[in-house]
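To start, the structure itself, in structure tokens.
Nothing fancy with the numbering, it's 1 onward along the sequence. These figures come from a predicted structure and were not determined experimentally.
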Amino acid sequence: MKLKEPLWRREGQRPDYRFSLANERTFLAWIRTALAILAGAIGIDQLAPEIAPTPVRISLCIAFAVIGALLALEAYRRWSLQEQAMRNNRELPHAWLLVTMAIIVATAAAVLAILILLAK
């Protein structure tokens, strides 16, 4: 099955390939982050079953899995918006998700630290 090229890829001017490749590397970094969050969810569930009561642990793992999935979707959306901006000589879109991700990761780290301390 061959996927059709999005219409926006035929609009505007082709950006310098170096910028497109840099945008692709950023996309891949976001995908790696999404995979790491998913791996964290699996790791908590499989390797640390005593870290918290089962409902708390499962809720945390599901939250991480959902965040990882949303981040992967956002990676594509962000990549395509930046490509469109470069093709049409517009300013790159603001990355509102960066602040949100930082808050979520910091909160998750604090929750995990508390759970680790309480489990000992």
Only distances under 3.5 Å count here; give the side-chain donor-acceptor pairs of residues 18-31 to other protein atoms, sequence neighbours excluded, each with its distance to 0.1 Å.
from: Arg18; atom 1: NE; to: Asp16; atom 2: OD1; distance (Å): 3.2
from: Arg18; atom 1: NE; to: Asp16; atom 2: OD2; distance (Å): 3.2
from: Arg18; atom 1: NH2; to: Asp16; atom 2: OD2; distance (Å): 2.4
from: Ser20; atom 1: OG; to: Glu83; atom 2: OE1; distance (Å): 3.3
from: Ser20; atom 1: OG; to: Glu83; atom 2: OE2; distance (Å): 3.4
from: Asn23; atom 1: ND2; to: Trp79; atom 2: O; distance (Å): 3.0
from: Asn23; atom 1: ND2; to: Glu83; atom 2: OE2; distance (Å): 3.2
from: Thr26; atom 1: OG1; to: Ala22; atom 2: O; distance (Å): 3.1

Atom pairs and distances, side-chain donor-acceptor, residues 34-44, under 3.5 Å, sequence neighbours left out:
none

CD1-CD1 distance between Ile67 and Ile62, expressed to the nearest 0.5 angstrom: 12.0 Å
Leu60/Leu115 under side-chain contact (heavy atoms from CB on, under 4.5 Å): CA gap, chis, key distance, verdict: CA-CA 11 Å; Leu60 191 60; Leu115 290 174; 4.0 Å; yes
Here the side chain to side chain donor-acceptor pair (under 3.5 Å) pairs for residues 43-56, sequence neighbours left out, are Asp45-Arg57
Can you name the residues that form a salt bridge (charged side-chain N to carboxylate O under 4.0 Å, His left out) with Glu74, not counting sequence neighbours? Arg77
Tell me if the CD atom of Gln13 is crowded by more than 12 foreign heavy atoms within 6.0 Å. no
Mind checking side chain to side chain contact (heavy atoms under 4.5 Å, CB included) for Ala108 and listing every partner two or more places apart, or none if nothing turns up? Phe64
Without placing hydrogens or testing angles, list every side-chain donor-acceptor pair under 3.5 Å for residues 84-98, not counting sequence neighbours.
from: Gln84; atom 1: NE2; to: Ser80; atom 2: O; distance (Å): 3.4
from: Arg87; atom 1: NH1; to: Arg9; atom 2: O; distance (Å): 3.1
from: Arg87; atom 1: NH2; to: Arg9; atom 2: O; distance (Å): 3.4
from: Asn88; atom 1: ND2; to: Gln84; atom 2: O; distance (Å): 3.0

